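Right, one structure below, let's go through it.
This one's a predicted model, so the numbers in the text were calculated from it and none came from an experiment. The chain is numbered in sequence order, starting from 1. Both ligands and their constituent atoms are indexed starting at 1 by order of listing.
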Amino acid sequence: MSVTLTGVGHRFGNGPWLFREVATALDPGHVYALTGPSGSGKSTMLGLLAGWMEPSEGTVGRAAGLRIGWVPQNPHGVARRTVIDHVELPLLAAGAAADKAYDEAMELLERFQIPHLAAQQFRSISGGEAQRLMLARGIAAKPGLLLVDEPTAQLDRRTAATVDAVIGRLAESGTVVVVATHDAQTRDGCTDVLNLEDWAA
Ligand SMILES: Nc1ncnc2c1ncn2[C@@H]1O[C@H](COP(=O)(O)OP(=O)(O)OP(=O)(O)O)[C@@H](O)[C@H]1O
């Protein structure tokens, strides 16, 4: 299911317009890099897509009941829980049987190149590994729209590259993925680019 933006513009109070006349459809199976310089409105656009805020003008069309997932900038997990627990839990919560949840969680860990860490506690893995785990967990819940906020901002270049290498793997039928980033390599890992500068007022 697509997310459709029609004539979307936003400003805070009487402040300057961050962007105007954004008109585009975001489709499942695509990973959109949401780019633009600092202050161009990337976080604001994520908030509009999520429905946390209403645009000053225009509409953001979301199918009724669209489930939205969020991967925050700082990986957050349960220190003593294992890596695979973090991915299995949303699957179990969605009603999967235990053995199916395990198999699916392992597949996701493989897709994000951390299967060897399955049995390790969350507190023992690196920042790049934790960020890949957050992506695996984000997609495990099968949201209709997955919003990823600056996934490599807290990582050094080498570690970030391990995240950039798998970001495109979020493209999975049924999910629209939007990744806010100002990192050129992270952008290159995505399938499409939404550059807020194209809509600067
Ligand atoms: N609640 C708010 N009230 C007033 N101004 C705001 C509010 N939220 C954001 N802004 C302003 O809107 C502009 C865009 O902010 P936003 O955080 O969306 O940009 P960004 O592209 O995500 O920036 P960065 O890359 O630095 O995170 C900034 O000038 C910011 O100060």
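Checked against the 6.0 Å centroid threshold, Trp52 and Trp70 count as a close aromatic pair.
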Once you restrict both partners to nitrogen or oxygen, which atoms of ligand 1 have a protein partner under 3.5 Å, and how far apart are they?
{"unit_1": "ligand 1", "atom_1": "18 (O)", "unit_2": "Ser43", "atom_2": "N", "d": "3.4"}
{"unit_1": "ligand 1", "atom_1": "18 (O)", "unit_2": "Thr44", "atom_2": "N", "d": "2.9"}
{"unit_1": "ligand 1", "atom_1": "18 (O)", "unit_2": "Thr44", "atom_2": "OG1", "d": "2.6"}
{"unit_1": "ligand 1", "atom_1": "19 (O)", "unit_2": "Gly41", "atom_2": "N", "d": "3.2"}
{"unit_1": "ligand 1", "atom_1": "21 (O)", "unit_2": "Gly39", "atom_2": "N", "d": "3.4"}
{"unit_1": "ligand 1", "atom_1": "21 (O)", "unit_2": "Ser40", "atom_2": "N", "d": "3.3"}
{"unit_1": "ligand 1", "atom_1": "21 (O)", "unit_2": "Gly41", "atom_2": "N", "d": "2.9"}
{"unit_1": "ligand 1", "atom_1": "21 (O)", "unit_2": "Lys42", "atom_2": "N", "d": "2.9"}
{"unit_1": "ligand 1", "atom_1": "21 (O)", "unit_2": "Lys42", "atom_2": "NZ", "d": "3.0"}
{"unit_1": "ligand 1", "atom_1": "22 (O)", "unit_2": "Lys42", "atom_2": "N", "d": "3.4"}
{"unit_1": "ligand 1", "atom_1": "22 (O)", "unit_2": "Ser43", "atom_2": "N", "d": "2.8"}
{"unit_1": "ligand 1", "atom_1": "22 (O)", "unit_2": "Ser43", "atom_2": "OG", "d": "2.9"}
{"unit_1": "ligand 1", "atom_1": "23 (O)", "unit_2": "Gly39", "atom_2": "N", "d": "2.9"}
{"unit_1": "ligand 1", "atom_1": "25 (O)", "unit_2": "Lys42", "atom_2": "NZ", "d": "2.8"}
{"unit_1": "ligand 1", "atom_1": "26 (O)", "unit_2": "Ser38", "atom_2": "OG", "d": "2.5"}

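Considering only residues two or more places apart in sequence or on other chains, Arg80 meets the side-chain contact (heavy atoms from CB on, under 4.5 Å) condition with Gln121, Arg123. With sequence neighbours excluded, no residue forms a salt bridge (charged side-chain N to carboxylate O under 4.0 Å, His left out) with Glu21.
Listed by first and then second residue, the side chain to side chain donor-acceptor pair (under 3.5 Å) pairs involving residues 82-103 are Arg81-Asp85, Thr82-Asp85 (not counting sequence neighbours).
Ring pair His30/Tyr32 is parallel by interplanar angle, where below 30° counts as parallel and above 60° as perpendicular.
Using a cut-off of 4.0 Å between Lys/Arg side-chain N and Asp/Glu carboxylate O, Glu104 and Arg111 are scored as not salt-bridged.
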